[in-house]
Structures are given as C-alpha cells and as structure tokens.
2 protein chains.
Amino acid sequence: MDASPNTPKPAPRTAQVLREALEYDIATGVFAPGTRLDEVSLAKRFNVSRTPIREALIALSASGLVEIRPRRGAFVQEIGVSRLIEMFEVMAELEAMCARLACRRMTAADHRDLLAAHEACTQAADAGEPDAYFYANETFHDTIYRGSGNSFLAEQARALQNRLKPYRRLQLRVRNRVGNSLSEHQTIVDAILAGDDRKAESALRSHILIQGERFNDFVASLVRADAAQARRVMA
Amino acid sequence: MDASPNTPKPAPRTAQVLREALEYDIATGVFAPGTRLDEVSLAKRFNVSRTPIREALIALSASGLVEIRPRRGAFVQEIGVSRLIEMFEVMAELEAMCARLACRRMTAADHRDLLAAHEACTQAADAGEPDAYFYANETFHDTIYRGSGNSFLAEQARALQNRLKPYRRLQLRVRNRVGNSLSEHQTIVDAILAGDDRKAESALRSHILIQGERFNDFVASLVRADAAQARRVMA
DNA sequence: GATTCTTCTCTTGTATACAAAAACCGTTGA
DNA sequence: TCAACGGTTTTTGTATACAAGAGAAGAATC
C-alpha cells in the first residue's frame with residue numbers, strides 16, 4: 001500500500017523528528033535516567049520553539065520513556081531495579097510467545113532470514129565487537145518477532161525491547177555474556193527450524209530471563225554505571 | 001512515598017483531563033472508530049484552546065487509541081478484524097501469564113479479593129444485567145492482574161484491556177456468552193486457589209481466545225456495527 | 001462532457017505571548 | 001547557626017497569532 005516507489009514527500013513534522021531524536025538520545029544514554037529535560041534548553045538546542053518540544057515530550061511520556069511531573073517538568077524515566085526485573089519478566093514472555101508462534105508460522109524465507117541473522121551474530125561475536133553484536137542481536141530477535149505472524153505482537157515486543165535497550169547494552173559487558181548468548185541463539189534456531197514450539201518457547205524465555213538469574217552481575221554493572229554517571233554529573 | 005494522607009492538591013492539568021475524557025468517549029463508542037477528531041470542534045466543546053486538545057490527542061496517539069495522519073488530523077483508530085485477532089492473541093497471553101504468576105504469588109488477602117470479584121460477577125449474571133456484568137468482569141480480571149505481583153505486567157494488561165474494551169463489550173451480546181464466561185471464571189478461580197499454575201494459565205488463555213473460536217459470531221457483530229456506522233456516516 | 005489546472009478556504013503545525021505555579025534566594029527572627 | 005518567611009525569578013501550562021500544506025470548488029482546456 002504505502003510501499004509505492006516514490007513517496008510524494010512525507011512532509012517533515014518537527015515534533016515527530018524531535019521525538020525520535022530524543023528517543024535515540026535516551027536509549028543511547030546521552031540523557032541518563034533521572035535527567036531533567038528542560039523545554040527551553042531543548043528548544044534552543046534544536047532551534048525550534050517550545051511547542052514541538054512539548055509535543056515530543058508528551059509522546060515520550062505516553063510510551064513510558066519520560067515521566068512528566070505536573071508543573072515540574074519532564075524527566076527521563078528512572079527505572080528501579082525491581083521494575084526492571086518486572087519488565088524483563090514480561091519481555092521474556094513476549095519473546096517466548098513469538099518463538100512459539102514462529103515455529104508454526106514461519107515460512108521458508110523466514111527461516112533463511114533467521115539463519116542469516118544468526119550468522120551475522122556469530123561473525124560479530126567472532127570479531128569481538130560488542131557493539132556490532134548488539135545490533136546483530138537486535139536483528140536476530142526482530143526476525144523472530146516478525147516470524148510470529150502477529151504484527152501487533154511484533155510491535156509490542158519491539159517497543160519493550162526499545163525501552164530496555166540501555167539496560168540490555170550493559171548486560172553484554174558481563175563476562176562471557178556474548179558467548180553464552182550465542183549458544184542460546186543456536187538452541188533457539190534449532191528449535192524453530194525443527195518446529196518444536198515447546199522447546200523454542202522455553203529456550204527464548206530463559207535466554208531473556210538469564211539476566212534475572214545472573215542478577216548479581218547485573219546489579220553490579222548497574223551500580224558501576226550509576227557511579228560513572230555520578231562522576232559525569234559532578235564534572 | 002506519595003501515599004501521604006493529604007495530597008497537597010494535584011493541580012489540575014487540562015490536557016490530562018481532556019485525555020481521559022476523550023479516552024472514555026472512545027471506549028464507550030461516542031466517537032466511533034474512523035471518526036475524525038477536529039481540533040477546533042473539540043476545543044469549542046470543552047471550552048479550551050487547541051493547545052491542550054492537541055496534547056491530549058498526541059498522548060492518545062502514542063497509546064494507540066487514535067491515529068494522527070500528518071497534516072490531516074486525528075482519527076479514532078480503526079482496528080481491522082485481523083489486527084483485532086492479533087490483539088486478542090496477545091491479550092490472552094498476558095492474562096495467562098498473570099494467572100500463572102498469581103498462582104504462585106497471591107496472598108490470602110488476594111484470594112479473598114478474587115472470590116469477592118467472582119461473587120460480584122455471579123450476582124450481576126444472575127440479575128441479568130449485561131452492563132453490570134461487564135464491569136464486574138473487569139474487576140475480576142484486574143484482581144488477577146494485581147495478583148501477578150508484577151506491576152508492569154498489570155499495567156500492560158490493563159492498557160490492552162482498555163484498548164479492546166469497545167470490542168469486548170460487543171462480545172457479551174453473543175448468545176449465552178455471559179453464562180459461559182461465568183463458568184470459565186469458576187474454573188480459573190479453582191485453579192488459582194489450588195495453585196495449579198498450568199491449569200490456571202490455560203484456562204485463562206482459552207477464556208480470552210474463545211472469542212477467536214467463536215469467530216463467526218464475532219465478525220457478525222462487527223459487521224453489524226460497521227453497517228450502523230456506515231449508515232451514520234451517510235446521514 | 002470529462003479532466004486538469006488554479007485559486008480559495010479550511011485545517012494543521014509552529015511560534016510567540018501571557019498567566020500561574022513552583023523554585024530560588026536573600027532576609028529576618030529566634 | 002538554623003529555620004522560616006517573603007519577594008523575585010524561572011519554568012510550566014494555556015491561549016492566541018501566524019505560516020503552510022491539504023482539500024474543495026470552479027474555470028479553462030482537450
């Protein structure tokens with residue numbers, strides 16, 4: 001439908017562009033959790049008036065990335081440890097559901113995509129590039145989301161993945177996480193190709209939940225990140 | 001923390017109030033899916049300027065209730081039949097997850113709440129009041145959400161329940177749906193009280209998915225609703 | 001007569017102006 | 001020295017003003 005060759009010009013809406021820019025800056029940690037997002041500063045920074053800034057902040061607030069405290073301003077949502085666990089618990093379930101459905105609904109072409117994504121992960125891991133692995137990993141999971149044949153589910157999974165992005169990134173710093181992640185991927189791929197939905201479901205669930213089990217490592221990296229952030233604020 | 005006895009006065013933000021008002025009107029069908037939400041009309045209707053109206057619409061757009069087509073305006077999100085099935089599929093999974101966790105995490109007090117909510121459903125059903133049953137049913141499900149011990153999950157479930165509200169309401173018009181719903185509730189309650197997580201999970205999943213199986217009835221009611229809407233548009 | 005181009009209007013999107021609430025800060029008092 | 005009070009200032013929230021794109025209606029052309 002809207003895959004027409006020449007889109008007539010999407011008409012750039014400043015507010016939407018700003019929303020994506022802010023989203024990106026939050027996901028990549030430019031704006032750390034708890035940071036206050038001053039409207040006038042942002043307006044100056046982007047060379048626009050406060051109106052589109054406000055609209056972007058409201059949209060971000062609705063999707064949970066920022067919190068708007070009435071008459072106090074917008075703050076990057078701080079996610080406490082317990083809430084983070086809750087979110088990972090839900091993420092695990094969504095991904096498990098995707099895997100289960102993917103077993104039944106993936107086409108041959110989907111299988112090829114899955115293998116390609118897995119191969120890309122392997123290469124990034126072999127090259128020892130954590131950032132490359134991070135993105136390859138995202139693509140791998142997204143392939144499964146799409147393979148579920150449920151576009152709404154895929155959107156939900158993507159949205160939550162996005163919210164957890166800053167924290168998942170920290171995860172990969174944990175010793176040997178990349179290697180383990182990769183072998184878990186292998187198990188998942190095998191299960192999906194074999195059409196074993198029970199196995200795929202549980203493999204993906206533990207792949208996500210493993211972060212909960214390795215909780216000590218996880219908290220440790222969080223604490224270190226907080227300390228680094230604190231130092232940055234001090235400077 | 002914020003459970004202080006005397007909240008100092010939440011300071012009413014017009015935009016937030018508007019958002020809730022519009023949300024309610026959409027959920028109850030005052031604004032049917034596909035309806036265009038004109039900013040100036042809404043502004044006049046609520047006696048405010050366009051600014052808070054826009055902010056409310058943007059928030060609703062982010063939560064999926066309305067669609068903002070750039071430079072064309074806001075429309076109540078039209079949910080096609082296939083997407084509706086997808087959403088119910090996800091809803092079923094979220095509820096199943098809540099039930100599974102509730103089996104392990106509900107306290108004795110939660111069990112009492114659950115029984116009370118079930119009792120309220122029974123009374124509403126016996127009284128033959130579909131609307132009362134609808135609300136009692138919402139409370140019943142919400143009790144399970146809370147019982148999951150995962151507040152993020154509970155929020156997600158509530159949000160999706162809210163988006164599906166107009167369609168679930170139609171569901172109850174189907175012949176004998178209330179009676180069947182009630183007996184399914186009984187199965188769920190028994191499973192949760194017994195701590196049988198497998199059974200609770202599958203019972204709740206089918207409780208939601210049953211709407212997919214009864215798909216012919218469902219489409220029929222949708223078609224009738226669409227026809228009614230079409231007539232309204234013509235007039 | 002149908003189609004396309006033009007113009008006009010209406011609506012959205014952004015900027016600015018104004019009001020009110022909250023934060024800041026220095027002063028005053030104990 | 002510290003706490004409380006009052007005024008100032010900064011910042012959010014809402015209203016209004018202005019610009020530009022989309023839609024509709026009419027004129028011109030084939």
Side-chain angles (χ1 to χ4, degrees), chain A residues 1-2 4 6-23 26 31 34-78 233, chain B residues 1-2 4 6-23 26 31 34-78 233-235:
Chain A
M1 298 304 179
D2 67 324
S4 80
N6 52 345
T7 314
K9 245 185 197 178
R13 295 141 283 155
T14 319
Q16 185 65 16
V17 175
L18 290 174
R19 182 185 170 284
E20 282 161 21
L22 290 173
E23 204 166 43
I26 292 172
F31 295 121
T35 307
R36 181 158 170 286
L37 298 173
D38 182 53
E39 295 180 0
V40 294
S41 316
L42 291 173
K44 264 192 266 185
R45 171 175 171 176
F46 289 104
N47 268 316
V48 294
S49 82
R50 277 176 53 220
T51 310
I53 295 282
R54 271 185 73 83
E55 298 192 345
L57 289 176
I58 286 164
L60 290 173
S61 158
S63 58
L65 260 91
V66 310
E67 179 192 0
I68 293 183
R69 297 211 263 275
R71 305 204 176 261
R72 303 225 171 147
F75 299 78
V76 179
Q77 185 68 270
E78 284 205 82
V233 173
Chain B
M1 299 301 181
D2 66 323
S4 79
N6 52 345
T7 314
K9 245 185 198 179
R13 297 142 284 157
T14 319
Q16 186 64 16
V17 176
L18 288 174
R19 183 184 170 286
E20 282 160 22
L22 289 174
E23 203 165 44
I26 291 172
F31 296 120
T35 306
R36 181 157 170 286
L37 298 172
D38 182 53
E39 296 180 359
V40 295
S41 316
L42 291 174
K44 263 191 268 186
R45 172 176 169 175
F46 289 104
N47 269 316
V48 294
S49 82
R50 277 176 55 219
T51 308
I53 295 282
R54 271 185 74 82
E55 298 192 344
L57 289 175
I58 286 165
L60 289 174
S61 158
S63 57
L65 260 90
V66 312
E67 180 192 359
I68 293 184
R69 297 210 263 275
R71 305 199 177 268
R72 301 219 176 149
F75 299 79
V76 179
Q77 186 68 270
E78 285 205 80
V233 172
M234 295 294 186

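Proteins come first, then strands; the chains are lettered A, B, ... in the order of their sequence lines, and each starts at number 1. Note that these values count all heavy atoms, side chains included, but never hydrogens, waters or copies made by symmetry.
Of the residues in residues 56-69 of chain B, not one places a heavy atom less than 4.0 Å from an atom of DNA chain D. Within residues 44-54 of chain A, the residues approached by DNA chain D to less than 4.0 Å at the level of any non-hydrogen atom are Arg50(A), Arg54(A), in residue-number order.
Annotation: side chain of Val76(B) is in contact with side chain of Leu37(B) (closest heavy-atom distance under 4.5 Å).
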Intermediate values then yes/no, side-chain contact (heavy atoms from CB on, under 4.5 Å), Arg19(B) and Ser63(B) = CA-CA 11 Å; Arg19(B) 183 184 170 286; Ser63(B) 57; 4.1 Å; yes
Take Leu42(A) and Phe31(A), measure what side-chain contact (heavy atoms from CB on, under 4.5 Å) needs, and give me the verdict at the end.
-> CA-CA 12 Å; Leu42(A) 291 173; Phe31(A) 295 121; 4.1 Å; yes
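Partners of Glu78(A) under the side-chain contact (heavy atoms from CB on, under 4.5 Å) rule, at least two apart in sequence or in another chain, are Pro33(A). Applying the side chain to side chain donor-acceptor pair (under 3.5 Å) test to Ser41(A) and every residue at least two apart in sequence or in another chain returns Asp38(A). Qualifying salt bridge (Lys or Arg N to Asp or Glu O under 4.0 Å) partners for Glu20(B), counting only residues two or more places apart in sequence or in other chains: none. Applying the side-chain contact (heavy atoms from CB on, under 4.5 Å) criterion to Val17(A), with sequence neighbours excluded, gives no partner residue. The side-chain contact (heavy atoms from CB on, under 4.5 Å) check on Phe75(A) picks up Arg36(A), Arg69(A), with sequence neighbours excluded. In this view, Arg45(B) and Asp25(B) satisfy the salt bridge (Lys or Arg N to Asp or Glu O under 4.0 Å) rule, not counting sequence neighbours.
The distance between atom CD of Gln16(B) and atom P of dT12(D), rounded to the nearest whole Å, is 17 Å. Between the CZ atom of Arg71(A) and the P atom of dA19(C) there is a distance of 14 Å, rounded to whole Å. Rounded to whole angstrom, the span from the CG atom of Leu18(A) across to the P atom of dA15(C) amounts to 9 Å.
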Could you pull out all donor-acceptor pairs under 3.5 Å where a side-chain atom in residues 52-61 of chain B meets a protein atom, sequence neighbours excluded?
residue, atom, partner, partner atom, Å
Arg54(B), NE, Glu55(A), OE2, 2.9
Arg54(B), NH1, Glu39(B), OE2, 3.0
Arg54(B), NH2, Glu55(A), OE1, 3.3
Arg54(B), NH2, Glu55(A), OE2, 3.4
Glu55(B), OE1, Arg54(A), NH2, 3.3
Glu55(B), OE2, Arg54(A), NE, 2.9
Glu55(B), OE2, Arg54(A), NH2, 3.4

What are the atom names and distances for every N/O pair under 3.5 Å that joins the protein to nucleotides 8-11 of chain D?
residue, atom, partner, partner atom, Å
dT11(D), O3', Arg36(A), NH2, 3.1

